[in-house]
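Structure record follows, encoded as structure tokens.
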Amino acid sequence: MAKQNFEEALARLEEITRQLEDGELSLEASLRIFDEGIKLADFCTKKLDEAQKRVDLLLKKNGELVPTPFTPTEGTGEAE
Amino acid sequence: MTPPFDDRIQTVSELTHSIRGLLETTFPFVTVTGEISNLRQPVSGHLYFTLKDSNAQIKAVLFKPQQRYLACIPSDGLEVLCRGRLSVYEPRGEYQLIVDYLDTKGAGALRIAFDRLKAKLASEGLFDPARKKPLPFLPERIALVTSPQGAAVVDFLRMAQQRFPAVPIEIYPVRVQGEGAAGEIAAAIDEANRRRTSEVIVLCRGGGSSEDLWAFNEEVVAQAIARSALPVVSAVGHEVDVTIADLVADARAATPTAAAELVLPDGRNLKRKIADYNTRLLNAMRRHLAGYRRQVETSQRLMGDPTLTVAHFLLRLDHARDTLGRATLHRLQHDQAATRDLLARLLRNDPRQRLANARLLTREYRERLNLLIRHQLERKEALLAQGAGRLDAVSPLAVLGRGYALVRNTATGTIIRSARQTTVGDTVQVTLHQGSIDCTVTMVDEGAGLPGQPGDQRQQGGNNNVTASNATPHLPFDS
């Protein structure tokens with residue numbers, strides 16, 4: 001599972017669950033998709049559980065945008 | 001919207017609650033103009049006032065958090081345009097306008113400019129629903145184009161934290177109002193497209209007056225949104241503030257909070273969903289395995305004890321081997337017999353043997369033939385002997401032995417049976433038993449001869465010159 005799309009993974013997980021519940025599969029096939037399903041569920045859970053999001057402020061330094069950690073401060077106005 | 005007639009007895013609370021629901025659903029968004037009066041601000045910080053015109057009035061409240069977005073400071077007597085929703089304050093049974101935003105009346109020039117640009121961009125097809133790009137279900141990263149100081153970014157980040165904390169956010173800091181704001185916003189959109197670190201762009205700004213929001217009504221922003229390859233979500237102002245940016249964007253959120261909800265799926269929901277799939281997968285697999293196990297068990301029962309089966313096969317194998325051995329032996333024996341038979345037949349037909357046989361046969365035949373011939377000869381001899389005896393019996397010699405004589409004419413050899421056959425002087429030969437006599441006829445008596453006396457005959461004979469013939473027979477064969 002290289003760069004996997006969460007939505008695709010979720011959709012595949014749904015599909016696999018339904019297939020397995022239909023029970024029309026051979027033992028080998030069901031074991032195979034079960035394995036895949038568990039992996040997908042792990043992947044999705046990991047994606048959800050990933051550590052605290054990073055919020056970066058892109059600041060211009062020497063013409064380049066440099067990400068710097070951002071902690072919001074509730075200002076009074078909108079601008080500046 | 002009239003509620004159905006209901007004769008059920010309700011409590012005041014129940015009724016009031018119903019009225020509140022009714023009002024809130026019927027008037028979720030209203031825009032109303034009027035004059036502010038009775039303005040007061042208790043320690044809570046909320047602003048309470050009455051909005052009135054010459055004929056009616058309505059209670060209104062502006063809660064403290066909303067006041068951040070205000071462009072003007074409300075005061076008694078001020079003619080304002082309020083946007084908000086209707087609700088009921090149940091403890092007092094009072095309905096009131098909950099104001100989201102208010103501004104001074106009369107932003108005429110801006111309105112005209114807005115309408116003109118809107119028409120132009122519409123004709124260029126920038127609002128075409130077909131141009132709208134779908135939002136990613138779960139973006140890898142979010143580009144937030146906003147002012148880093150301000151309530152909007154806080155609101156957005158708070159909701160993002162709630163929905164899906166794992167998604168990183170990068171903030172493109174821009175001024176969101178005043179000179180140059182539109183240019184900065186457009187540049188940030190382009191920059192986010194260039195960097196491509198994010199999968200969606202969110203334009204974010206809290207509520208404000210028409211003038212404050214104006215940057216989002218400028219064409220440069222509209223065009224930047226239109227050419228963005230990344231989907232753009234616009235969350236500018238409040239529900240009621242529709243900007244050009246909102247119209248061009250791929251999706252519009254009423255508030256920064258709503259924008260966060262729009263671009264991020266509900267993580268808790270997803271977690272439940274995934275946990276649910278996980279459970280279902282496990283259950284289904286367990287059912288599967290149980291089913292297969294049952295199948296195997298059933299099959300085993302049907303098959304019987306596998307070890308017995310093996311034994312059974314071994315027995316069958318042994319039996320087969322025996323049968324095969326016997327069959328082979330039998331076959332061998334059969335072949336041997338056949339060979340022997342053929343050999344015998346062959347030997348029987350050996351030409352040497354046949355020759356020997358023939359020789360044997362020949363000898364046998366020869367012996368039989370000799371035997372037969374001897375028998376035949378013996379029989380013939382016997383026959384001859386018998387015949388000779390009989391011949392002897394009738395032999396004249398025998399008669400002669402008894403004293404008779406044979407008389408023949410000497411000259412002719414004719415047997416003389418009658419005296420008349422002779423004349424005197426004829427010579428006759430008288431053959432006797434022993435020898436013969438030649439005599440001359442001296443007298444012929446034609447009278448009766450016999451029975452005379454045998455002495456007569458002897459008288460007449462007297463010839464001693466009788467030729468005695470050797471009468472011994474000679475046999476042709478001599479055994």
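Nothing here was measured: the structure is a model prediction, and the numbers come from that model. Here is how names work: the chains are called A, B, and so on, in the same order as the sequence lines, proteins then strands, and each is numbered from 1.
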For the residue pair B:Phe164 and A:Phe6, categorise the inter-ring angle as parallel (less than 30°), tilted (30 to 60°) or perpendicular (more than 60°).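 It falls in the perpendicular class, over 60°.
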Please identify which of these residues, A:Leu20, A:Leu40, A:Leu13, A:Ile38, meets the side chain to side chain contact (heavy atoms under 4.5 Å, CB included) condition with B:Tyr277. A:Leu13
B:Arg268 versus chain A, heavy atoms under 4.5 Å apart: side chain, backbone, both or neither? neither
At a 4.5 Å cut-off on heavy atoms, which part of B:Leu289 comes close to chain A: side chain, backbone, both, or neither?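 Looking at B:Leu289, just its side chain touches chain A.
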Pairwise distance [atom1]([X]) to [atom2]([Y]) - rounded to 0.5 angstrom:
X: B:His288; Y: A:Glu21; atom1: NE2; atom2: CD; result: 9.0 Å
X: B:Lys273; Y: A:Cys44; atom1: NZ; atom2: SG; result: 10.0 Å
X: A:Arg18; Y: B:Arg280; atom1: CZ; atom2: CZ; result: 6.5 Å
X: B:Ile274; Y: A:Lys46; atom1: CD1; atom2: NZ; result: 13.0 Å
X: A:Leu10; Y: B:Phe137; atom1: CG; atom2: CZ; result: 5.5 Å
X: A:Thr17; Y: B:Met285; atom1: OG1; atom2: CE; result: 12.5 Å

Hey, does [Y] have a side-chain heavy atom less than 4.5 Å from the side chain of [X]?
X: A:Pro67; Y: B:Glu170; result: no
X: B:Pro168; Y: A:Val55; result: no
X: B:Leu282; Y: A:Phe34; result: yes

In terms of heavy-atom pairs under 4.5 Å with chain A, which of B:Ala275, B:Gly178, B:Pro173 leads?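 Option with the top pair count is B:Pro173.
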Could you have a look at B:Leu138, B:Asn283, B:Leu281 and say which one has the most heavy-atom pairs with chain A under 4.5 angstrom?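 Of B:Leu138, B:Asn283, B:Leu281, B:Leu281 has the most heavy-atom pairs under 4.5 Å with chain A.
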How about NZ on B:Lys64, more than 12 heavy atoms from neighbouring residues, nucleotides or ligands closer than 6.0 Å, or not?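 Result for NZ/B:Lys64: open.
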Counting heavy atoms not belonging to B:Glu297, are there more than 12 under 6.0 Å from its CD?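 Result for CD/B:Glu297: enclosed.
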Part of A:Gln19 within contact of chain B (heavy atom distance under 4.5 Å): neither
Testing the basics here: between B:Pro148 and A:Phe70, what is the closest heavy-atom pair and its distance to 0.1 Å? O-CZ, 3.5 Å
Evaluate side chain to side chain contact (heavy atoms under 4.5 Å, CB included) for A:Leu58 paired with B:Ile171, printing each intermediate quantity in order. CA-CA 6 Å; A:Leu58 298 175; B:Ile171 298 169; over 6 Å; no
